[in-house]
Amino acid sequence: MKKLLLIPFLMISWLCADMWETSWHQGNALYHISNKKGDRLELACHENGGSFSLVDSKNELTEFINVIINDEIKIISPSRVKSTEGTDSGNVAWGNLVSTLPTATKFIIESGKNSYAFEPTNSKKVLADMSKSCLEYQNGAEEATNSTPPPKKEIEK
């Protein structure tokens with residue numbers, strides 16, 4: 001009897017899990033995830049830069065300040081990077097975010113007094129090539145495949 005109850009519970013929890021999705025649209029590599037509350041995070045990356053945005057469950061676009069990954073790493077990152085503008089420190093923060101998200105089992109986005117939690121179950125699989133597409137703007141497509149060094153070009157906030 002316990003096994004019969006466990007199977008539907010596991011199926012429901014899997015269906016409700018936060019899962020990354022990826023797509024390609026007009027030259028942009030898109031990565032997005034929604035949580036159980038209906039908050040949605042989207043990263044768009046292309047050869048000239050990248051951006052990320054958060055739409056909360058009330059369909060309001062929010063500005064976020066901090067990203068806390070796996071309860072250990074706190075990154076303050078700009079929400080937009082561009083190859084022609086910005087600062088090196090912002091560029092390094094973007095590179096850290098893009099390089100760390102594929103290992104995240106939990107991350108929290110802080111925005112003012114609000115926080116938005118995501119617990120993805122498929123980060124490693126879906127985000128395996130994320131640093132390649134989201135850091136392409138820094139040195140061109142060939143050098144962007146090495147995600148070890150942080151980005152070195154400019155960022156727009």
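As a basis for the values below, the full set of heavy atoms in this structure was taken, side chains included, without hydrogen atoms, waters or symmetry mates.
Side-chain contact check for Asp71 versus Lys106: some heavy-atom pair is nearer than 4.5 Å. Side-chain contact between Lys124 and Pro102 is absent, with no heavy-atom pair separated by less than 4.5 Å. Proximity of Ile69 to Val67: side-chain heavy atoms (C-beta onward) are separated by under 4.5 Å at one or more points. In this structure, the side chains of Leu30 and Leu43 stay at 4.5 Å or more apart for every pair of heavy atoms. Met19 is not listed as a side-chain neighbour of Ile33, based on a closest heavy-atom distance of 4.5 Å or more.
Neither side chain, Ser23 nor Tyr31, offers a donor N or O lying under 3.5 Å from an acceptor on the other.
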Asn66/Ile75 under side-chain contact (heavy atoms from CB on, under 4.5 Å): CA gap, chis, key distance, verdict: CA-CA 6 Å; Asn66 301 315; Ile75 299 172; over 6 Å; no

Intermediate values then yes/no, side-chain contact (heavy atoms from CB on, under 4.5 Å), His32 and Arg40: CA-CA 7 Å; His32 42 89; Arg40 179 178 170 89; 3.1 Å; yes

Residue pair Met130, Ser99: steps toward the side-chain contact (heavy atoms from CB on, under 4.5 Å) verdict: CA-CA 8 Å; Met130 180 186 211; Ser99 298; over 6 Å; no

CA sep, side-chain torsions, deciding dist, call: Val98, Leu135, side-chain contact (heavy atoms from CB on, under 4.5 Å): CA-CA 8 Å; Val98 167; Leu135 298 177; 4.2 Å; yes

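For Trp94 (side chain) and Gly50 (main-chain N/O), no donor-acceptor pair under 3.5 Å exists by modelled atom type. When atom types are taken as modelled, the side chain of Asp56 and the backbone of Lys58 share a donor-acceptor pair closer than 3.5 angstrom. Between the side chain of Asn122 and the backbone N or O of Val126 there is no donor-acceptor pair closer than 3.5 Å. A distance-only check finds a donor-acceptor pair linking the side chain of Thr103 to the backbone of Thr100 [under 3.5 Å]. Listed for the Asn35 side chain is no donor-acceptor partner under 3.5 Å among the backbone atoms of Tyr116. Using a distance-only test at 3.5 Å, with no hydrogens or angles considered, no donor-acceptor pair links the side chain of Asp18 to the main chain of Pro120.
A continuous path of ILVMFWY side-chain contacts below 4.5 Å connects Leu97 to Ile73, so both sit in one hydrophobic cluster.
For the atom pair OG (Ser115) and CD1 (Ile68), the distance works out to 8.0 Å, reported to the nearest 0.5 Å. Considering SG of Cys45 and CH2 of Trp24, their distance stands at 9.5 Å, rounded to 0.5 Å. Annotation: the span from Leu101 atom CG to Ser131 atom OG amounts to 11.0 Å, rounded to 0.5 Å.
In this structure Phe118 satisfies the ring-ring contact (aromatic ring centres under 6.0 Å, His included) test together with Phe107, sequence neighbours excluded.
The pair Glu110-Lys74 counts as a salt bridge, with a side-chain nitrogen and a carboxylate oxygen less than 4.0 angstrom apart.
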